[in-house]
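The structure displayed is predicted, hence computed values, not measured ones.
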Amino acid sequence: MAQTYYITTPIYYANSLPHLGHLYTTIVADVVNRHKKQRGLDTYFLTGTDEHGINIQRAADKAGRSPKEQVDFVSGELKRMFHDFGLDTEKGGYDVFMRTTETFHYEGVQHLWVEIAKNKTPKGNETIYKGFYEGWFCAPCAEYKTEDQYFLAEGLEIPLCLIHERPLDRISEESYFFRLSDYDEFLIDLIANDPKLVQPESRRNEVISFIKGGLQDLSISREKKSVSWGVPVPDDENHVMYVWLDALSNYITAIGYGNSEKASIGFDKYWQNVTHLVGKDILRFHTVYWLSFLSAAGLPLPKTVYAHGMWLDADGRKMGKTLGNVIDVDVLHEHFQIDATRYFLLREMVFGQDGKFGYENLIDRANSDLASGLGNLGSRTFSMITKYREGLLPSGKIAEENYINAKRAGINPDEQELVSVLEHARDEFLRRFENFEFSLALELIWTVIARIDKMISDSKPWELIKDEKQAETLNAVLYRATETLRWLCVLLYPVMPDATKKIYSQIGLSENIAAIDPANLKWGELNAGTKIGETEAVFPRIDKAKVMNEIKEQSAVSGQQSAEPKPEVTAAESLPPAVAGGLTQPTDNTEQQFIDIEDFLKVELRVGQIMVAERIPKADKLLRFEIDLGEEKPRQILAGLAEYYEPEKLIGRKVVVVANLKPRKMRGLESQGMICAASLEEEDTPALATFLEDVNVGARLK
RNA sequence: GCCCUUGUAGCUCAACGGUAGAGCGCGCGGCUCAUAAUCGCUAGGUUGUAGGUUCGAAUCCUUCCGAGGGCACCA
């Protein structure tokens, strides 16, 4: 019976639309999955969406949908993207698109809860207990605030909400807790003793030092009255499970843990050898929490949790809407071959580190490595076979009496030298692949390509053809090039399934390379006499200037569009909250409050022009502005925009300023007002309020 | 604020105590089978800064400057 291999991407949170990050993780998982299948393993590949929680409710409310409609929409969009990029089941991609709103998952995760509750922690305590979750709560936001979401004003003890700048309430609610604090020693032993478990090493060290800092018990439920969109806690109708327990357990429920619907997939079979791919931002949850949960339930642990890095723009900055440096997956799909994108993603990023992604870099890679490199090697080889040998692959054997001629042409009569090189490259490639060193593995393959190119250039087949005595030398060159290409197709198949299949069939072969184990490749198995198939460019050269222009025009257009509010969102938002609230919005804490015109007029909004904008040393978020409001001198105003805007680019811009806001000190600097900006989601880039018409500095808004 | 990582040729990175390398890009030359592809050659770095340890430092230690990351209930 074949060994099994189970690989997962995170299930993506269904509150935002698909982006490059989703695509990247899923492509890597797909590559690994195809590779393991080639190696003969019985694999299972999971991706999907995480569909519960307060943020889903909010996203749904904002879009005027029910939570179910919201998650159906987002998971549909994600599936569409995966389909576009050939990652779906029909194309040999994922085996299951998991959704946490499915009934079998409810069953499974409830079963898991009960199993955990039955057991004791490593220190002999109850694993789950009832207590109170206490935190700083902002009523207008209707949520608990974490440390980075509030600030302490000078002289005050009660923190203020960063959004509303009003005091938070200290409140508590009943909650079930998982006794995570009992798992610190267990986790440290586990992670420190198994270097493969948490990778890469730098992240592993971070996780260990985090655990050493001490673990707090984890709240794993919320009262139904505050969060209703979730899996009910077994035997307590007042609670639903809170995010992580629900989300993480998808990896086991999807293959049949605790439910009968998926039992046939085989929990016992696949759960014995698991690899989780995650983004570095959620590594902790997949190690500290997940390993503890599993252990508490008496279940086997995954073999590897690998955290990959983030894609930055070509200049190394985070991608964001305001900077306009987001890589648009639809643009990728429209302008680039899927396989070129796959190759780029694996070749350009050292897996585990951050990487830079620019369309220009992608084009350069595609042109130099794929078109000029692999593609051209195929093209020149097949063309020579067609021209010189009527399209039939000659034998690579050189008779002894011709050795001298071969040597004269710079060709080693003994092909064993090349075979050793190739075998070594293959073994090394596989080793690097096992270690998730994709970029190194691919780099190595390209040294082989260079070697064959050099063999051709050195032996000059176009001259060999003129000399009858060199017929066998020429044959050997052609055979060696073609046989090497066959090997490369098999090796590169997981990364570029489509292109390698094409090249393979251009060689004239028809087996399914998805099922050929590269470890079993043997030199010489390519038969002489093979008829070269139809040849056309597998990697067409990309006209850089042209494509870059098209992309620029396109993003200019879509930029304008996204500056306009999307109709569906607008419609929903313009409804009174009571109507837009949907099914689950609790009405108690969203009391509708109207203000009088007098109230509004108390707020002095004025047009200001930014004269100076600069970063503040050691402050991640704050920018310091000097803004001309038509007063004697410009005002100093601080605003938390540093993550979203380049200060230099803001100079000269006219903005809306709250002019009579009580001055306040931040980082030792006094802020004399506030700049108005709009954002839908909290993590959205705030858009600065501005004017289409020319307007005088100091003008009042009313 | 505390902790960690990092700063090497135009770009991406390698060398991790012993005369600084590769790929891409640039320049020149050769070749024509090939997707203006390919082959060869050249150029270009006092290895962020200032000290120290050592026979010898990009590599170890310290200072400073710059960049990135981690410091939990948000998936």
Side-chain angles (χ1 to χ4, degrees), chain A residues 10-16 49-56 100 133 135 143-149 175 177-178 180 202-203 205-207 209-211 213-220 222 242-248 278-286 288-289 309-310 312 314 316 318 347-350 353-356 360-361 364-365 367-388 439-440 443 446-447 449-450 452-465 474 477-478 481 535-542 618 682-683:
Chain A
I11 48 170
Y12 306 110
Y13 202 49
N15 67 341
S16 68
T49 39
D50 176 10
E51 308 190 342
H52 288 133
I54 186 75
N55 291 318
I56 302 286
T100 56
Y133 180 78
E143 66 182 5
Y144 290 99
K145 294 292 171 178
T146 56
E147 263 183 60
D148 57 341
Q149 293 172 321
S175 163
F177 282 84
F178 176 76
L180 191 64
S202 56
R203 297 286 157 202
N205 292 337
E206 277 177 15
V207 170
S209 81
F210 172 77
I211 300 168
L215 297 176
Q216 289 172 20
D217 291 345
L218 181 70
S219 163
I220 51 170
R222 280 294 131 92
Y242 197 55
V243 293
W244 284 108
L245 182 65
D246 167 20
L248 290 163
V278 301
K280 65 181 183 183
D281 51 331
I282 53 172
L283 177 63
R284 185 190 314 139
F285 310 108
H286 281 78
V288 179
Y289 296 2
M310 299 290 170
L312 307 170
K318 281 188 181 162
R347 174 65 183 77
E348 196 76 6
M349 182 186 270
V350 175
Q353 297 179 18
D354 288 349
K356 295 177 188 175
E360 298 199 38
N361 307 113
D364 287 344
R365 277 264 172 234
N367 280 344
S368 66
D369 293 1
L370 299 180
S372 304
L374 180 58
N376 183 58
L377 177 60
S379 175
R380 69 196 302 206
T381 303
F382 301 142
S383 148
M384 287 189 289
I385 294 174
T386 304
K387 275 192 180 158
Y388 302 150
S439 58
L440 289 177
E443 211 178 324
W446 261 256
T447 65
I449 292 174
I452 300 300
D453 267 332
K454 185 163 166 54
M455 174 187 77
I456 294 173
S457 296
D458 287 354
S459 63
K460 302 187 181 66
W462 47 97
E463 286 179 10
L464 298 178
I465 185 68
L474 174 57
V477 170
L478 297 177
T535 58
E536 50 160 1
V538 177
F539 302 108
R541 181 164 299 280
I542 302 169
K618 311 243 182 221
E682 237 183 87
E683 60 272 19

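- Evaluation of the side-chain contact (heavy atoms from CB on, under 4.5 Å) rule for A:Glu443 yields A:Arg347, A:Leu440 as partners, not counting sequence neighbours.
- Residue A:Val288 is out of contact with every strand shown, counting any heavy-atom pair closer than 4.0 Å.
- Here, B:U42 and B:A22 have their P atoms 10 Å apart, quoted to the whole Å.
- Comparing B:C33, B:G69, B:U35 by their closest approach to the side chain of A:Arg203 singles out B:G69.
- Atom CG in A:Leu312 sits about 8 Å away from atom P in B:G69, given to the nearest Å.
- A:Tyr242 comes within 4.0 angstrom of the backbone, heavy atoms only, and of no base.
- Ring pair A:Tyr144/A:Tyr133: centre-to-centre distance below 6.0 Å.
- No contact: A:Tyr12 has no heavy atom under 4.0 Å from any strand.
- Spacing of C1' atoms, B:A20 relative to B:A58, comes out at 8 Å, to the nearest Å.
- No contact: A:Ser202 has no heavy atom under 4.0 Å from any strand.
- Within the nucleic acid shown, A:Gly214 comes within 4.0 Å of at least one base atom, counting heavy atoms only.
- If you measure from atom CG of A:Asn55 to atom P of B:A75, you get 5 Å, rounded to the nearest angstrom.
- When rounded to the nearest whole Å, the span between CD1 of A:Ile452 and C1' of B:C39 equals 14 Å.
- No engagement by A:Glu443 is indicated, since no non-hydrogen atom pair under 4.0 Å with the nucleic acid exists.
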Distances for protein N/O vs nucleotides 2-12 of chain B N/O pairs under 3.5 angstrom?
{"unit_1": "B:U12", "atom_1": "OP1", "unit_2": "A:Lys356", "atom_2": "NZ", "d": "2.9"}

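- The side-chain contact (heavy atoms from CB on, under 4.5 Å) search around A:Phe285 returns A:Trp244, A:Ile282, A:Tyr289, not counting sequence neighbours.
- Within 4.0 Å of A:Ala371, counting heavy atoms only, lies at least one base atom of the nucleic acid.
- For the C1' atoms, the distance linking B:G17 with B:U53 amounts to 12 Å, nearest Å.
- Residue A:Asn376 places a side-chain atom within donor-acceptor reach of the base of B:A34, judged by atom type and a 3.5 Å distance cut-off alone.
- With P as the reference atom, B:C61 and B:C16 are 16 Å apart, rounded to whole Å.
- Computed from coordinates, the A:Asp246 CG to B:C74 P distance equals 15 Å when rounded to whole Å.
- Checking the phosphate oxygens (OP1, OP2) of B:G40, a side-chain nitrogen or oxygen of A:Lys454 falls inside 4.0 Å.
- Shortest non-hydrogen contact noted between A:Ile56 and A:Asn15 is CD1-N, 3.8 Å.
- If you measure from atom CG of A:Asn367 to atom P of B:G23, you get 19 Å, rounded to the nearest angstrom.
- Nucleotides B:A9 and B:A43, compared at atom C1', are 10 Å apart to the nearest Å.
- Spacing between B:A36 and B:U32 at atom C1', rounded to whole Å, works out to 12 Å.
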side-chain contact (heavy atoms from CB on, under 4.5 Å) evaluation trace for A:Met310 with A:Lys318: CA-CA 8 Å; A:Met310 299 290 170; A:Lys318 281 188 181 162; over 6 Å; no
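- Between A:Ser457 and A:Arg347, the residue whose closest nucleotide on RNA chain B is further toward the 5' end is A:Arg347.
- Separation of the P atoms belonging to B:A50 and B:U59 is 13 Å when rounded to the nearest angstrom.
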Stepwise side-chain contact (heavy atoms from CB on, under 4.5 Å) check, A:Tyr388 with A:Leu474: CA-CA 9 Å; A:Tyr388 302 150; A:Leu474 174 57; 4.2 Å; yes
Per-nucleotide pairing state of RNA chain B [Watson-Crick or G-U, under 3.5 Å; [ ] pseudoknot-crossing; | other strand]: (((((((..((((....[..))))..((((.......))))......(.(((..]....))).))))))))....
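- Contact record, A:Met384 with A:Ile456: CE-CG2, 3.9 Å, taken as the closest heavy-atom pair.
- As rounded to the nearest Å, B:C11 and B:G44 have C1' atoms that lie 13 Å from one another.
- One atom, CG of A:Asp354, and another, C1' of B:A67, lie 12 Å apart when rounded to the nearest Å.
- Evaluation of the salt bridge (charged side-chain N to carboxylate O under 4.0 Å, His left out) rule for A:Lys356 yields no partner, not counting sequence neighbours.
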Pairs under 3.5 angstrom only: tabulate donor-acceptor contacts from the side chains of residues 369-381 of chain A to other protein residues two or more places apart or in another chain.
{"unit_1": "A:Asp369", "atom_1": "OD2", "unit_2": "A:Tyr343", "atom_2": "OH", "d": "2.6"}
{"unit_1": "A:Asp369", "atom_1": "OD2", "unit_2": "A:Arg365", "atom_2": "NH1", "d": "2.8"}
{"unit_1": "A:Ser372", "atom_1": "OG", "unit_2": "A:Asn367", "atom_2": "O", "d": "3.0"}
{"unit_1": "A:Ser372", "atom_1": "OG", "unit_2": "A:Arg541", "atom_2": "NH2", "d": "2.6"}
{"unit_1": "A:Arg380", "atom_1": "NH1", "unit_2": "A:Asp453", "atom_2": "OD1", "d": "2.6"}
{"unit_1": "A:Thr381", "atom_1": "OG1", "unit_2": "A:Leu377", "atom_2": "O", "d": "2.6"}

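- A sub-4.0 Å separation between OP1 or OP2 of B:G68 and a side-chain N or O of A:Lys318 is absent.
- For the pair A:Met384 CE and B:C31 P, the computed distance is 18 Å after rounding to whole Å.
- Listed pair A:Arg541 / B:A37 meets the phosphate criterion, a side-chain N or O lying under 4.0 Å from OP1 or OP2.
- Rounded to a whole Å, the CG atom of A:Leu377 is 10 Å from the C1' atom of B:U38.
- Nucleic acid contact for A:Trp244: base, since at least one base atom lies under 4.0 Å from a heavy atom of the residue.
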